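What you are looking at is a predicted structure, and each value in this text was computed from that prediction instead of being measured. Whatever order the structure lists them in is the order used to number ligands and atoms, beginning at 1.
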Amino acid sequence: MTIIWSTRKLLISIFASCLVYVACGKADPHFHVRGVNLGGWLLVEGWIKPSLIHGIPNKDLLDGTYLRLKSVKAGKFLCPGTNGGRLALTNQKSSTKLIFRLWRINESNFHFRLHNKKFMGLQSSKKGSYIVPVSKEPGRSETFQILKYNHRSTRIRIKAPNGFFLQVNKEGHVTADSKGDGGWRDDDPSVFEMKIGRQFDGEFQVTNGYGKFAPKVMREHWNTFITEDDFKFMSSNGINTVRIPVGWWIAFDPTPPAPYVGGSLKALDNAFSWARKYGMKVIIDLHAAPGSQTNSAVSSSRDGFVEWGQTDQNIQETVDVIDFLTARYAKHPSLYAVELLNEPCAPYVTLEKLKKYYRAGYNAVRKHSSTAYVIMASRMQYGMKPIDPTELFPLARELKGSAIDVHYYQIFMPVFKKMNHQQNIDFLYTNTSVELNRLIKPNNPQIFIGEWATEWGTANLAHPNLSKKTIEDYKKFGKAQLQVYGKATFGWAYWTLKCPFSHLSFEWMIKNGYLKL
Ligand SMILES: *[C@@H]1O[C@H](CO)[C@@H](O)[C@H](O)[C@H]1NC(C)=O
Ligand SMILES: *[C@@H]1O[C@H](CO)[C@@H](O)[C@H](O)[C@H]1NC(C)=O
Ligand SMILES: *[C@@H]1O[C@H](CO)[C@@H](O)[C@H](O)[C@H]1NC(C)=O
C-alpha cells in the first residue's frame with residue numbers, strides 16, 4: 001500500500017472492518033446459502049450406498065445389531081439375571097433387557113453388550129461355568145463365537161472363551177459346558193434362535209466389517225461417489241454451497257483409530273479445490289462426534305448408545321477436531337462455515353453440555369478465522385422431532401457470526417403420514433411458515449435449514465413409484481418448499497446430492513425435472 005494513512009485513521013479503519021467481519025461473519029452480507037449436502041460420502045450411511053454393505057461377510061452381524069436369543073428347546077429368551085446375576089431364561093419376550101448389542105471382533109467373534117452397558121462375560125469356578133454381566137472393558141473372557149447352522153441360518157450355537165458352548169439346563173440356568181454335539185435338533189439345549197432387531201449401517205459397521213479390506217473399499221468409495229463433475233453439475237444448477245458431513249476421526253488422518261481408515265482428509269481437500277474452481281462455498285459439518293451424539297449410524301454410533309458429551313475430556317476432544325479442521329481450511333477462500341455438531345439427540349445430550357461445547361467450539365473456530373460462520377444445530381428428539389431451537393438463541397446472540405441449523409422433514413413422523421397431499425402443502429404454508437416467521441425476527445440469530453428434501457407424508461422410499469404422487473405434485477411441493485425455506489436468513493441445503501431413493505436425491509430430482517431452482 002503506498003498511501004500513508006494517519007495512525008488514527010488506520011486504527012479506525014481496522015476497527016471498522018473488524019466490526020463488519022465479526023458482526024456479519026463473511027464480507028458479503030447478501031450471500032444466501034443455496035446448498036446441497038454431500039451425504040454418505042466422507043461419512044458412510046449405508047442406506048445412501050447399499051453396495052458398501054453387500055461385500056461384508058456375515059453382514060447380518062455387524063456392530064450394534066440387536067439380538068434376542070431364544071433357547072430352541074425351552075422356547076424362552078435369555079436374559080441377564082437381576083442384581084448383577086447370571087444369564088438365565090425368562091418368560092418375557094420384548095423387554096429391552098433381552099437385547100444383546102453386538103460388538104464385532106471379526107466375522108465370527110463378538111462381545112455382547114447388555115441394556116445396562118455391561119458386557120456378557122464368562123465366570124468359571126469349581127461349581128461350574130456361568131455367564132455374568134461385567135462392567136470392565138471387554139477382553140478375552142468376554143469374547144464369544146457365534147456359529148451358524150449354515151450361513152443363511154438364524155439358528156446358532158455360542159462358544160464361550162473356555163472352548164465350550166452355552167446350553168440351558170433343566171432348571172433354566174445357562175452354563176458354558178456343552179460340547180456342541182447335539183445335532184442342531186429342537187431338543188438340543190445348546191441351540192438358540194437369533195431374533196435380529198435393529199441394525200446399523202454407518203462407517204463404524206462398514207470399516208470394522210471389512211477389516212483389512214476396509215482401506216481399499218473406502219478409497220474406492222471416496223474416489224468415485226463424489227467427483228469434480230458433481231460440483232460442475234451443482235454449480236450449473238443454481239447451487240452455491242456444499243454442506244459436507246464428516247466424522248471426528250478425519251482429524252487423525254492418515255492414521256485414525258481402528259476401525260476407521262485414513263484418506264478422507266484428502267477427499268475433503270479435493271472438495272475444497274473443486275468448490276473454488278466452480279465458485280462454490282463449503283460448510284464443514286461435524287456429523288459424527290466421538291462417542292456419538294445421536295443413537296444412530298448417522299453419527300457413526302457403534303451400538304446405539306449416546307455417549308458423547310458425558311465427560312469434559314470428551315467435549316475437549318471434539319473441540320480439538322473443530323480446531324484441526326478450521327486451522328486447515330481457515331485461509332481457503334471457499335470455507336464459509338463450520339457446523340459444530342449435527343442433530344444432537346435429546347434428552348441424552350443436555351442443553352447445558354451442548355452450550356458448554358458450542359461455546360468452546362466457537363472459540364476454536366475464532367482462533368483461526370474471524371470470518372467463517374459457526375453453525376450450531378438445534379437438538380432433535382428420537383424420531384426426528386426437533387426441540388424448540390430458540391433454546392439456543394441467547395447463546396447465539398452472544399457469539400457473533402453464528403447461525404442456528406434446523407432440519408425440516410415432512411416424512412418419518414406419524415403426523416405427516418395422516419395428512420394427504422394438500423394437507424401437507426397447507427402445513428408447509430401455514431405451520432412451517434408461521435414457525436419460521438417466529439424464528440427469523442430482525443434481532444434473532446440467523447437461521448439455516450441445513451437439511452430438507454422434497455418428500456412428504458407416507459413415502460415409500462424404496463419404491464417411490466408406488467406412492468401415487470405425480471410429477472406435478474412434486475413440482476408443486478418443491479416450489480412451495482423453496483418459497484417457504486427461502487426465507488431462512490442464512491439459507492438452506494437439500495438432503496442429499498445422491499441417494500438410491502429418487503426423491504431424496506437432488507441430482508435425480510433436477511435431472512428428471514421434479515425440482516427447479
Ligand atoms: C477372530 O478373532 C478371534 C479372537 O480374536 C481369533 O481367534 C480368530 O482367529 C479370528 N478369526 C478370523 C476368521 O479372523
Ligand atoms: C397447524 O396449524 C394449525 C393452525 O394454527 C393448527 O390448527 C394445527 O393443529 C397445526 N397442525 C399441526 C400438525 O401442528
Ligand atoms: C420410477 O419411475 C421413474 C420414471 O418413470 C423411473 O425412471 C424409475 O426407474 C422408477 N423407479 C423405480 C424404483 O422403479
Side-chain angles (χ1 to χ4, degrees), residues 55-65 67 100 102-113 119-122 124 131 134 136-151 156-166 176 180 204-217 257-259 261 302 378 380-381 383-390 406-440 449 452 455-459 477 480-481 483-485 487:
I56 305 177
N58 263 349
K59 63 177 188 289
D60 55 341
L61 299 179
L62 297 182
D63 281 282
T65 299
L67 295 183
F100 298 86
L102 290 183
W103 276 28
R104 178 168 163 136
I105 296 161
N106 56 37
E107 60 183 274
S108 48
N109 283 257
F110 304 87
H111 304 309
F112 290 73
R113 202 176 193 197
F119 290 89
M120 205 166 94
L122 176 69
S124 289
I131 307 302
V134 294
K136 65 183 176 76
E137 282 286 303
R140 205 189 152 269
S141 56
E142 289 74 41
T143 303
F144 296 83
Q145 193 179 347
I146 294 180
L147 272 110
K148 291 179 175 171
Y149 173 57
N150 64 42
H151 77 282
I156 60 164
R157 286 203 179 101
I158 301 166
K159 196 179 196 177
N162 62 0
F164 290 96
F165 292 88
L166 303 199
F204 195 100
Q205 284 72 30
V206 167
T207 50
N208 203 29
Y210 280 108
K212 66 177 190 229
F213 300 107
K216 184 172 178 291
V217 171
V261 300
R302 181 171 196 176
S378 58
M380 303 281 264
Q381 265 169 311
M384 309 286 292
K385 254 173 120 170
I387 302 268
D388 187 351
T390 58
V406 294
H407 294 172
Y408 284 123
Y409 286 108
Q410 266 185 241
I411 30 175
F412 310 130
M413 280 171 277
V415 54
F416 300 119
K417 293 186 185 166
K418 289 195 207 106
M419 298 180 191
N420 64 28
H421 173 49
Q422 191 54 46
Q423 286 167 330
N424 265 288
I425 289 206
D426 292 346
F427 182 89
L428 198 57
Y429 277 123
T430 54
N431 307 56
T432 308
S433 208
V434 167
E435 163 74 0
L436 261 178
N437 286 340
R438 181 176 74 96
L439 299 180
I440 58 181
I449 301 176
W452 61 280
E455 186 58 281
W456 65 94
T458 9
F477 198 76
Q481 286 178 306
Q483 255 177 38
V484 174
Y485 302 161
K487 288 190 290 188

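Of all protein heavy atoms, the one lying nearest to atom 10 (C) of ligand 1 is N106 ND2, 2.5 Å. Looking from atom 9 (O) of ligand 2 to the surrounding protein, the closest heavy atom is N431 ND2, 4.7 Å. Closest to atom 5 (O) of ligand 1 among all protein heavy atoms lies I105 CG2, 4.3 Å.
Remark: atom 7 (O) of ligand 2 lies closer than 4.0 Å to no protein heavy atom. Note that atom 14 (O) of ligand 1 has protein non-hydrogen atoms nearby, at separations under 4.0 angstrom. Of the protein's heavy atoms, at least one falls inside 4.0 Å of atom 2 (O) of ligand 2.
The distance from ligand 2 to the heavy atoms of V415 drops below 4.0 Å at these ligand atoms: 13 (C).
Atom CD of Q422 is surrounded by more than 12 heavy atoms from other residues, nucleotides or ligands within 6.0 Å.
What you find for A160 and L122 is that their closest heavy atoms are CB-CD1, 4.3 Å.
Ring centroid separation for the pair W103 and F119 comes in under the 6.0 Å cut-off.
Counted by atom type alone, Y429 and Q483 present one or more donor-acceptor pairs between their side chains at under 3.5 Å.
In this structure, Y485 and Y408 have parallel ring planes: the angle between them is below the 30° cut-off, well short of the 60° mark.
For the pair W452 and Q410, the minimum side-chain heavy-atom distance is 4.5 Å or more.
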